[in-house]
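Encoded as structure tokens, the structure appears first; notes follow it.
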Amino acid sequence: MLDLKMIRQETDFVKEKLATRGIKAEEIDELLALDQQRRDLIVKSEGMKATRNQVSDEISQLKRNKESANDKIAEMQKVSKDIKALDEELVELEVKVQDKTSRLPNIPNDNVPIGLTEEGSVELRKWGDIRHFDFKPKSHWEIGEDLGILDFERGAKVSGSRFLYYVGQGARLERALYNFFLDQNQEAGFKEVLPPYMVNAASMYGTGQFPKFTEDVYKLEDEDEILIPTAEVPLVNYYRDEVIPAEKLPVRFTALSPAFRSEAGSAGKDTRGLIRLHQFNKVEMVQFTKPEDSWEALEMMTNHAEELLKLLGIPYHVITLTTSDMSFTAAMTHDLEVWLPFQDRYREISSCSNTTDFQARRAHIQYRDENGKLQYVNALNGSGLAVGRAVAAILENYQNEDGTVTIPEVLRPYMGGAEIITKED
RNA sequence: GGAGAGUUGGCAGAGUGGUAAUGCAACGGACUCGAAAUCCGUCGAACCGGCUUAUACCGGCGCGCAGGUUCAAAUCCUGUACUCUCCUCCA
């Protein structure tokens, strides 16, 4: 969430920056008009409350002296009634102001390419040689089904579309990957955490999914519990409504969790394979830093995620998303995209974002600076990495003409020493 | 799922209708060569608003949260969250 005072004081700057994310200047003007009304009401109401407090004190004195206070009491009855009416009006306005403010996206960093589509994204760097195949490469779902390690049919029968079973070496490969990721992340300084997979609405608000993106998630009926769309939610909310001791910063977490997504609005897209599922595993990284350290932390985290792909030997490139392609909370996002031979294109496997103080302000995560003043931390998140998509990338990039798949060397210790995936019985 | 107890400032802990004791910690000062001890003072600078370049200052709010009763609520009423104990259940 943006600071309302900042919107008030630097209105032109905010308008200009948010325009690049599709927010019209009129929306800001409406917000500020409501805010002005709100403040006017506060002045009125608080003035009356001050009177009431003063007179109440006098009543108390009179009663103590056993004198009559009836006329003052009658007077205050009227005042209290008026205050109540004003406060009701005020609450309505505050809800409106809060709602409007919480629907504004973060201010993009100056280095973010401006664009209203994903077209303008900038390629930062590229790594790895794209493999030349002597045969026609198969899709990962075809490879997986032929080997008997991915079972989409039974996934659909038992759960529905966009669900699957990993079987045998497939399940083992998935487990190998996330253990590998977790181990690497720990070595890079991220503390391993195993978070809850259901969170309450307040947590969803804290990380910015709510109130705007409620239709994208799965909510339990009759309960205030939502299936997490990413471990970012429980990891960032770990410190919600807390003050982190300054000496602990930066705090770095990593966690494996399933991610549940309704994929509303993406009907027809990526209907086959591991790319777009209602449930997939992801190893997530989250960092809390002092504001002055967050940009360096973003580069560090992006580089670390890249390192994972280098170790796996999968070609990728890094792009910086445009102002409107970034997620709501981000001030800047680097996406890592891996090469998928069958699709003949790069696909996202990691998204690393600096949300600056946007999430911290929503979730009230603070620290005390050198002067003892409370400040909001900066929060960052990044995938390290999406596990299902990593499986897809390995199957497609490491496939052999006979339909088997070579296991990347770094994963072999996690696969009981196996070097190749062959057909399951 | 059932029963009971609890939730007050950084911590401990009083307070059952008249507007948040006290102790510790912290901060400022005195004493001291310096420190400790002692003494004096400040202390919910969490938040919101007014006035301000900014402080200061003034006011609101503030006793888990949300409502209600009342001229007045930490105190009374209702709902709710969380914690602990016991029972039940269970991996």
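These figures come from a predicted structure and were not determined experimentally. Throughout, protein chains are lettered first and strands after them, A, B, ... in sequence-line order, and every chain is numbered starting at 1.
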Across all strands shown, which nucleotide pairs with B:U42 by Watson-Crick or G-U wobble geometry, both distances under 3.5 Å? B:A26
Please work out if A:Ile42 contacts a base, only the sugar-phosphate, or nothing of the nucleic acid, heavy-atom cut-off 4.0 Å. sugar-phosphate
Quick one: which of B:C71, B:G18, B:G59 gets closest to the side chain of A:Ser60? B:G18
According to the Watson-Crick and G-U wobble definitions, with both distances under 3.5 Å, which nucleotide is paired to B:U69? none
Geometric class of the A:Tyr239/A:Phe288 ring pair [parallel <30°, tilted 30-60°, perpendicular >60°]: perpendicular
If we take the P atom in both B:G23 and B:G4, what is their distance in whole Å? 38 Å
If the C1' atom of B:A21 is compared with that of B:U8, how far apart are they to the nearest Å? 12 Å
Rounded to the Å, how far apart are A:Glu58 CD and B:U19 C1'? 14 Å
A:Gln54 versus A:Thr51, side-chain donor and acceptor atoms under 3.5 Å: no
Would a 4.5 Å heavy-atom cut-off, applied to side chains only, mark A:Gln186 and A:Lys191 as touching? no
Per atom distances to the A:Lys49 side chain, the nearest of B:C61, B:G50, B:C71 is B:C61
Using the P atom in both, what is the distance from B:C43 to B:A35, to the nearest Å? 25 Å
If you measure from the P atom in B:A36 to the same atom in B:A30, how many Å do you get, rounded? 14 Å
In whole angstrom, what separates A:Asp224's CG from B:A81's P? 10 Å
For the pair made of CD in A:Glu242 and C1' in B:G10, what is the distance, rounded to whole Å? 14 Å
Give me the distance, rounded to whole Å, that separates B:A25 from B:C31 when you measure between the P atoms they each carry. 22 Å
With both distances under 3.5 angstrom, what nucleotide forms a Watson-Crick or G-U wobble pair with B:U80? B:G64
For A:Ser56, report the nucleic acid contact type (base, sugar-phosphate, nothing); a contact means any heavy atom under 4.0 Å. base
Residue whose nearest RNA chain B nucleotide is more 5′ - A:Val55 or A:Gln36: A:Gln36
Within the structure, does a side-chain N or O atom of A:Arg52 lie under 4.0 Å from either OP1 or OP2 of B:U19? no
Given that both distances must come in under 3.5 Å, which nucleotide forms a Watson-Crick or G-U wobble pair with B:U52? none
Between A:Ile83 (CD1) and B:A72 (C1'), how many Å, whole number? 11 Å
Just name whichever nucleotide pairs with B:U19, Watson-Crick or G-U, keeping both distances under 3.5 Å, else none. none
Does this structure show an ion pair linking A:Asp151 with A:Arg154, if we count only N-O contacts that are shorter than 4.0 Å? yes
Can you check the A:Leu374 CG to B:A45 P distance for me, whole Å? 10 Å
Roughly how many Å is it from CG in A:Asp87 to P in B:C48, rounded to a whole number? 17 Å
Nearest to the side chain of A:Ile59, heavy atoms from C-beta on, is which of B:G59, B:C71, B:C61? B:C71
Using atom P of each nucleotide, how far apart are B:U53 and B:C65 to the nearest Å? 36 Å
Which value, in whole Å, describes the distance between the P atoms of nucleotides B:A56 and B:A20? 22 Å
Tell me whether the side-chain N/O atoms of A:Arg39 come closer than 4.0 Å to OP1 or OP2 in B:C48. no
In the structure shown, which nucleotide is the Watson-Crick or G-U wobble counterpart of B:A74, with both distances under 3.5 Å? none
Just to be sure I understand the rule, does A:Arg8 reach a base, reach only the sugar-phosphate, or reach nothing, if contact means heavy atoms closer than 4.0 Å? sugar-phosphate
Separation of A:Met198 CE from A:Asp224 CG (nearest 0.5 Å): 12.0 Å
How many Å lie between CZ on A:Arg368 and P on B:A45, as a whole number? 8 Å
So, is the end of the A:Arg362 side chain (NZ or CZ) under 6.0 Å from the ring centre of A:Tyr205 and within 45° of the ring's axis? yes
C1' atoms of B:U42 and B:G9, separation to the nearest Å: 15 Å
Regarding A:Lys84, tell me which of base, sugar-phosphate or nothing describes its non-hydrogen contacts under 4.0 Å with the strands shown. sugar-phosphate
At under 4.0 Å between heavy atoms, what does A:Lys5 touch on the DNA or RNA strands: base, sugar-phosphate, or nothing? sugar-phosphate
So which atom in A:Leu256 and which in A:Asn281 form the shortest heavy-atom distance, rounded to 0.1 Å? CD1-CB, 4.0 Å
In the strands shown, is B:U32 matched to any nucleotide by a Watson-Crick or G-U wobble pair with both distances under 3.5 Å, and which? none
Under 6.0 Å between the ring centres of A:Phe328 and A:Phe213? yes
A:Ser80 vs B:U70: side-chain N/O to OP1/OP2 distance below 4.0 Å: no
Which nucleotide, if any, forms a Watson-Crick or G-U wobble pair with B:A37, using both distances under 3.5 Å? none
Looking at A:Asn53, I'd like to know whether one of its side-chain N or O atoms comes within less than 4.0 Å of OP1 or OP2 on B:C71. no
Atom CD of A:Gln375 to atom P of B:A45: distance rounded to whole Å? 16 Å
